[in-house]
Amino acid sequence: MLSEEEREAIAQELEHYRDPRAACVEAMKIVQHRRGWVSDDALAAIAELLRMSVHELEGVATYYNLIFRRPVGRHVILLCDSVVCWMVGYPAVREHLTERLGIDFGETTADGRFTLLPMPCLGSCDRAPAMLVDRDLHRDLAPERIDAILERYS
Amino acid sequence: MEKPLTQNIRPGEPPPSLPQYEKAGGYCAVWKALKEMTPAEVINVVKAANLRGRGGAGFPAGLKWAAMTSLEEAPAPRYLIANADEMEPGAFKDRYLIEGDPHQLIEGMIVAAWAVQADVAYIFLRAAYYPGAERLTRAIAEAYEKGYLGRDILGSGWSLDLHLHTSAGRYLCGEASALLNALEGKRAIPRGKLPRATTSGLWGRPTVVNNVETLCNVPHIVNRGAQWFLDLSVAREGKRGKDGGTKIFGVSGRVRRPGAWELPMGTTIREIVEEHAGGMREGHRFRALLPGGASTGFLVQEHLDLPMDFDSPEGAGSRFGTGTIVVVDDRTCPVAMLHNLEHFFAQESCGWCTPCREGLPWTERLLLGIESGEGRPEDLELLEMHTRLLGMGKTFCAHAPGAMMPLETGLKHFREEFDRHIAERRCPYR
């Protein structure tokens, strides 16, 4: 189930901890980085590798908002909905995004290009509103800037 | 005015490399601590400097270190953890320090680890800080290569490994005991207060957890001494508060120049908001502020001359928190704002204890009802009841009590706004 490359990356993380299960979050992130999400099969394979039960690992996986247990689009938009962004322009940005993409939070565009998710404070309150697209932070958002940002992600 | 924490930070530029950091005096504190000071001496100078935790709780770092079970009773492994899980809405100070000068954090961690004789250190970094993760990874590799990390550091016979752990979201991971569970690969629910982490922390071993900004102060205290640190704070009428040092203050919200600045501890709220953040944006009037992030209580006009130190906001019914101020204007509906805050806290509750798991969504629904014009007068009593039943001591950790701070103070300062929503059966701001 897990590729050689994934196993190697996980083995490197294992060296940082005295208990293999401590590497479980990193392991799920390694798999997710390559496949977009963590499927049931991948979860079971990681659990076996780290000598955890599948249910234990599922308990950890579902705790975190950034471990995806369902398929996502090629690009994930994490739009900050916390208080500062909310105060200085989040509602208009959200409206523009949902209109433009034709999806609401938790949904993926029909072409599989984008998934839109809400995100707690991104620590960019000085340049709010902010969102992450994949690993890129976009700040000082305004509805009229959104289309140009989306175009960068195919 | 001295700015030890930000002296190397040039926003928009890459952080100093290890040679550049050394050229600016970096890693001197590691040499000094390991070559000239015993661990106890390092603890004593940090104690004398009264360095209080910059993550929100304000507990003196030196006392925490001194509480670490002795090396005789608990030999290796012992752990030091930098809490870099910054996710308090309104807070962005640790990101500034991590991205701007990663070696400063690493140096602080090495000195702190020497003080508590830790063998392994972790930086627990929130997932979303990708540039921070890259910069720390590079800086850690540089420090290993130069021999500041690894075996027999500077010929001291003492070894330290430092690893970067990147998390996967959820605010509660920043709660120090939940962080330990997260790091062990368990669901990040908080642990009981006793035994303390300094006795039984990560994998049951003595562990110290310090905030990023706290650790960044350590090299400077070791280099310059406790009195120097104490003298950094603001003196009023020849007297200083008991909190020394500088603080990274941030301002966000409806101000002209949102940002972060290193200023003397005890700088007044007015100076931070009006001089450094440029006051209110054109067309907006000041209504209130949260002095230290989402989990601190509202302060209003009459509080603007309060000094920002650990105790002053507390005297006004709020908390110092992270020292990152959120400024609210007169066009923002306070009820809607509280709904946004309680939505965050309800969502981020780990669900472990009942008052928090059940109470926070209830407050969120009540606030949404009032905001949507469906509020009833008795809803205000229900909200007030929650501020008591979810208050300090009623829940397993400080998450729900933190959530109740803006609600309790909001009900007090914005009572008329609540009444108007209920009487007019609509939000007057829409």
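Computed from a prediction, not measured in an experiment: that's the story for all the values here. Lettering follows sequence order; numbering is per chain, from 1.
The pair A:R100-A:D147 meets the salt-bridge criterion, with a side-chain N (NZ, NE, NH1 or NH2) lying under 4.0 Å from an Asp/Glu carboxylate O. Ionic pairing of A:R94 and A:D104 is present here: one or more N-O contacts between side-chain nitrogen and carboxylate oxygen are shorter than 4.0 angstrom. Here A:R69 pairs with A:D40 in a salt bridge; the nearest charged N to carboxylate O distance falls below 4.0 Å. Between B:K186 and A:E56, none of the side-chain N atoms (NZ, or NE/NH1/NH2) sits under 4.0 Å from a carboxylate O, so this pair counts as no salt bridge.
The greatest number of non-hydrogen atom pairs below 4.5 Å with chain B, out of A:L57, A:L137, A:L78, A:L66, is found for A:L66. Contact count against chain B (heavy-atom pairs under 4.5 Å) is highest for A:S82 among A:A23, A:A128, A:S124, A:S82. The candidate from B:Y96, B:F344, B:Y129 with the greatest count of non-hydrogen atom pairs under 4.5 Å with chain A is B:Y129. Your options are B:A294, B:G259, B:S167, B:G253, and the one with the most heavy-atom pairs under 4.5 Å with chain A is B:S167. Counting heavy-atom pairs closer than 4.5 Å to chain A, the top residue among B:E86, B:M87, B:H165 is B:H165. Here A:G59 is the residue among A:A61, A:C24, A:G59 with the most heavy-atom pairs under 4.5 Å with chain B. The candidate from B:A127, B:C333, B:A168 with the greatest count of non-hydrogen atom pairs under 4.5 Å with chain A is B:A168. Comparing B:H343, B:R257, B:R95, B:R281 by heavy-atom pairs within less than 4.5 Å of chain A, the highest count is held by B:R95. Of the residues considered (B:T332, B:T166, B:L202), B:T166 shows the highest number of contacts with chain A, using heavy-atom pairs under 4.5 Å. When each of A:L122, A:I67, A:T62 is scored by its heavy-atom pairs under 4.5 Å with chain B, the top score falls to A:L122.
Side-chain atoms of B:S177 and B:E175 include a donor-acceptor pair closer than 3.5 Å. Remark: the A:H16 side chain and the B:D161 side chain contain no N/O donor-acceptor pair separated by less than 3.5 Å. In the model, B:R187 has no side-chain atom that pairs as donor or acceptor with a side-chain atom of B:N181 under 3.5 Å. A donor-acceptor contact under 3.5 angstrom links the side chains of A:T109 and A:D111, judged on distance only.
Contacts between B:L183 and chain A at a heavy-atom distance below 4.5 Å involve backbone atoms as well as side-chain atoms. Of the two parts of A:D81, the backbone and the side chain both hold a non-hydrogen atom closer than 4.5 Å to a non-hydrogen atom of chain B. Interface remark: A:M28 contributes no atoms to any contact with chain B (heavy atom separation under 4.5 Å). Within the 4.5 angstrom heavy-atom criterion, only side-chain atoms of A:L132, from C-beta onward, approach chain B. Neither the backbone nor the side chain of B:P131 has a heavy atom closer than 4.5 Å to any heavy atom of chain A. For B:A277, no part lies under 4.5 angstrom from a heavy atom of chain A. Both the backbone and the side chain of A:V83 come within less than 4.5 Å of a heavy atom of chain B. No part of B:A260 comes within reach of chain A, as not one of its non-hydrogen atoms sits under 4.5 angstrom from that chain. Neither the backbone nor the side chain of A:R127 has a heavy atom closer than 4.5 Å to any heavy atom of chain B. Looking at B:Y79, only its side chain comes within 4.5 Å of chain A, counting heavy atoms on both sides. Heavy atoms closer than 4.5 Å to chain A are found nowhere in B:V255, neither backbone nor side chain. Heavy atoms closer than 4.5 Å to chain A are found in the backbone of B:L164, but not in its side chain. In this structure, the portion of B:R126 lying under 4.5 Å from any heavy atom of chain A is its side chain and not its backbone. Heavy-atom distances place the side chain of A:V25, and not its backbone, under 4.5 Å from chain B.
The OH atom of A:Y153 sits 8.0 Å away from atom NE2 of A:H75, with the distance rounded to the nearest 0.5 Å.
Smallest separation of non-hydrogen atoms from A:Y64 and B:A188: OH-CB, 4.5 Å. In terms of heavy-atom proximity, B:A128 sits nearest to A:M119 at CB-CE, 4.0 Å.
Using a 30° and 60° split on the angle between ring planes, B:W261 and B:H276 fall in the tilted class, from 30° to 60°.
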Item checked: CA sep, side-chain torsions, deciding dist, call: B:Y171, B:E88, side-chain hydrogen bond (donor to acceptor under 3.5 Å, both in side chains) -> CA-CA 7 Å; B:Y171 176 67; B:E88 176 82 12; 2.4 Å; yes
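Using a 4.5 Å cut-off on side-chain heavy atoms (C-beta onward), B:L172 and B:E348 make no contact.
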